[in-house]
Amino acid sequence: MEKKEYAFKGLAVNGFLAIALNLALVIVAAVLTGVGIEYENPLKIAVGLILLLVGLFCFKGFIMLEPNEAKVMMFFGKYKGTFTRVGFFWVNPFITTKKLSLRARNLDAEPIKVNDKQGNPVMIGLVLVWKLCDTYKAMFEIDSQTMASGGTSIGQNVGSIMRAFENFVKIQSDAALRQTAGLYSYDNNETKDELTLRGGGDEINHQLEHTLDERLAMAGIEIVEARINYLAYAPEIAAVMLRRQQADAIIAAREKIVEGAVGMVKIALEKLSAEEVVDLDDEKKAAMVSNLMVVLCGDDTAQPIVNAGTLNM
């Protein structure tokens, strides 16, 4: 998309030089008016008053910018560029300006309830860093007045204008968060390769940034960073899902225990056979395997029973 913003190319005089010239003009006008009144000269009075009005009106042309600030310049409604030079300047007083902040801003959104890909309600929140990158879009592509909460007029005040953009970013971030969360499951233990909200990490954050960029580009807003900072099941299903996670963890642990026990039994049988400690037939091997599996896989400590055999007197 073509960028419509461009730098202001009109006259911009050093502010300190301009204020000295302007004060000189006002002094000359005052002196000329005074002389005209003293000598009852209507022409001098008229010229003096005109120069005085011009001098006072020229004070309207002074602007001052700090680093990472910009002024959108308009001449009778026509966009004349964006002024970003830092310092104190004088410009055409007929030009109207609106100051904007280009500094990075932070939004810590409160967690909202959304449905994941499987329809489970989850609570999810994000933190993002954003800034204005295109002042033309920010001022003319969207209606900043309607972005202000409560429908109040924002006027020329930079604080009110930027609060309107903050409100716009908040609304769009909520929509982007709902859209992104709906594409993935919160968690899925059955399909290990599937990307999930809990395990996606940077990939989910990149997807969130992309979605936000698409939504906020129309307002000339650039996303510096966006990350999910809160993720949990909604309270109404949190207890059930916790039990499910506990069950999944128990099953996974049991699988590990059985796998290890089988390996230990195999090693024990191979050792006994290789070193000819005892000669076991298939029935005794089966009994030994059963006993070892019970001992290795059981939750409680095994109680050994010594079999002394039968003694014949």
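Residue numbers count from 1 along this sequence. Just so you know, these numbers come straight off a predicted model, no measurement behind them.
- Ring centroids of Y136 and Y6 are separated by 6.0 Å or more, keeping the two rings apart.
- In this view, D213 and I223 satisfy the side chain to side chain contact (heavy atoms under 4.5 Å, CB included) rule, not counting sequence neighbours.
- Using a 4.5 Å heavy-atom cutoff, the side chains of I50 and V47 are not in contact.
- Contact between V13 and A18 at its shortest, heavy atoms only, is CG1-CB, 4.3 Å.
- When the side chains of ILVMFWY residues are joined at heavy-atom separations under 4.5 Å, either directly or via intervening members, I27 and L53 end up in two distinct hydrophobic clusters.
- Rounding to the nearest 0.5 angstrom, the gap separating the CG atom in L51 from the OG1 atom in T33 is 7.5 Å.
- Listed by chain and residue number, nothing satisfies the salt bridge (Lys or Arg N to Asp or Glu O under 4.0 Å) test with K131 (two or more places apart in sequence, or in another chain).
- A salt bridge links R103 to E66: one of the charged nitrogens lies within less than 4.0 Å of a carboxylate oxygen.
- Applying the 4.5 Å side-chain rule to ILVMFWY residues, one finds F8, F57, I63, L65, M73, F75, F83, F89, V91, F94, I95 in the same cluster as F76.
- A donor-acceptor pair under 3.5 Å is formed between the side chain of T96 and the backbone N or O of M74.
- Heavy-atom minimum distance, A226 versus L212: CB-CD1, 3.7 Å.
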Y186 and L231: CA distance, side-chain angles, deciding distance, side-chain contact (heavy atoms from CB on, under 4.5 Å) verdict: CA-CA 9 Å; Y186 176 89; L231 181 64; 3.5 Å; yes
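- Residue V224 is found in a hydrophobic cluster whose other members, listed by chain and number, are V129; membership requires side-chain heavy atoms under 4.5 Å apart, directly or through intermediates.
- Distance check: F168 CZ to R215 CZ gives 9.5 Å after rounding to the nearest 0.5 Å.
- None of E214, Q207, H206 except one satisfies the side-chain hydrogen bond (donor to acceptor under 3.5 Å, both in side chains) rule with H210; the exception is E214.
- Distance check, rounded to the nearest 0.5 Å: CG of L126 to OG of S173 gives 5.5 Å.
- Heavy atoms only, all atoms of each residue included: Q179 and T211 are closest at OE1-CG2, 3.6 Å.
- By the 4.5 Å heavy-atom criterion applied to side chains, T82 and L100 are not counted as neighbours.
- D174 and K170 are joined by a salt bridge, as a carboxylate oxygen and a charged side-chain nitrogen come within less than 4.0 angstrom of each other.
- For the pair N92 (side chain) and G61 (backbone), a donor-acceptor distance under 3.5 Å is absent.
- How far CG of D116 is from OH of Y233: 6.5 Å, rounded to the nearest 0.5 Å.
- Every side chain to side chain contact (heavy atoms under 4.5 Å, CB included) that N22 has, sequence neighbours left out, goes to L25, C58, F59, F62.
- Taken together through direct or relayed side-chain contacts under 4.5 Å among Ile, Leu, Val, Met, Phe, Trp and Tyr, Y230 and I204 form parts of separate hydrophobic clusters.
- Taking the side chain as every heavy atom from C-beta outward, V114 and L177 never approach each other to under 4.5 Å.
- Between N106 and L128, the closest heavy-atom pair is OD1-O, 3.4 Å.
- Contact check for I221 versus L132: side-chain heavy atoms found under the 4.5 Å cut-off.
- For the pair W90/L17, no side-chain contact is recorded, criterion being any heavy-atom separation below 4.5 Å from C-beta on.
- Clustering ILVMFWY residues whenever any of their side-chain heavy atoms sit less than 4.5 angstrom apart, transitively, puts L43 in the very cluster that holds L32.
- You'll find the side chain of D202 reaches within 4.5 Å of the side chain of R227, heavy atoms only.
- With sequence neighbours excluded, the residues forming a side chain to side chain contact (heavy atoms under 4.5 Å, CB included) with K113 are P121, M123, A234, E236, listed by chain and number.
- Connection of V31 to V54 is not established within any shared hydrophobic cluster, with ILVMFWY side chains joined at heavy-atom distances below 4.5 Å, either directly or through further cluster members.
- No more than 12 heavy-atom neighbours from other residues, nucleotides or ligands sit within 6.0 angstrom of CZ on F16.
- Under the 4.5 Å side-chain heavy-atom criterion for ILVMFWY residues, no single connected hydrophobic cluster contains both V127 and W130.
- For the atom pair NZ of K4 and OH of Y79, the computed distance is 11.0 Å after rounding to the nearest 0.5 Å.
- Counting all heavy atoms, side chain and backbone alike, K71 lies closest to M64 at CE-O, 4.3 Å.
- Remark: the T135 side chain and the E5 side chain contain an N/O donor-acceptor pair separated by less than 3.5 Å.
- Counting heavy atoms from C-beta outward, T97 and V72 have side chains that stay 4.5 Å or more apart.
- Residue G36 comes nearest to I45 through the heavy atom pair C-CG1, 3.4 Å, listed as atom of the first residue, atom of the second, then distance.
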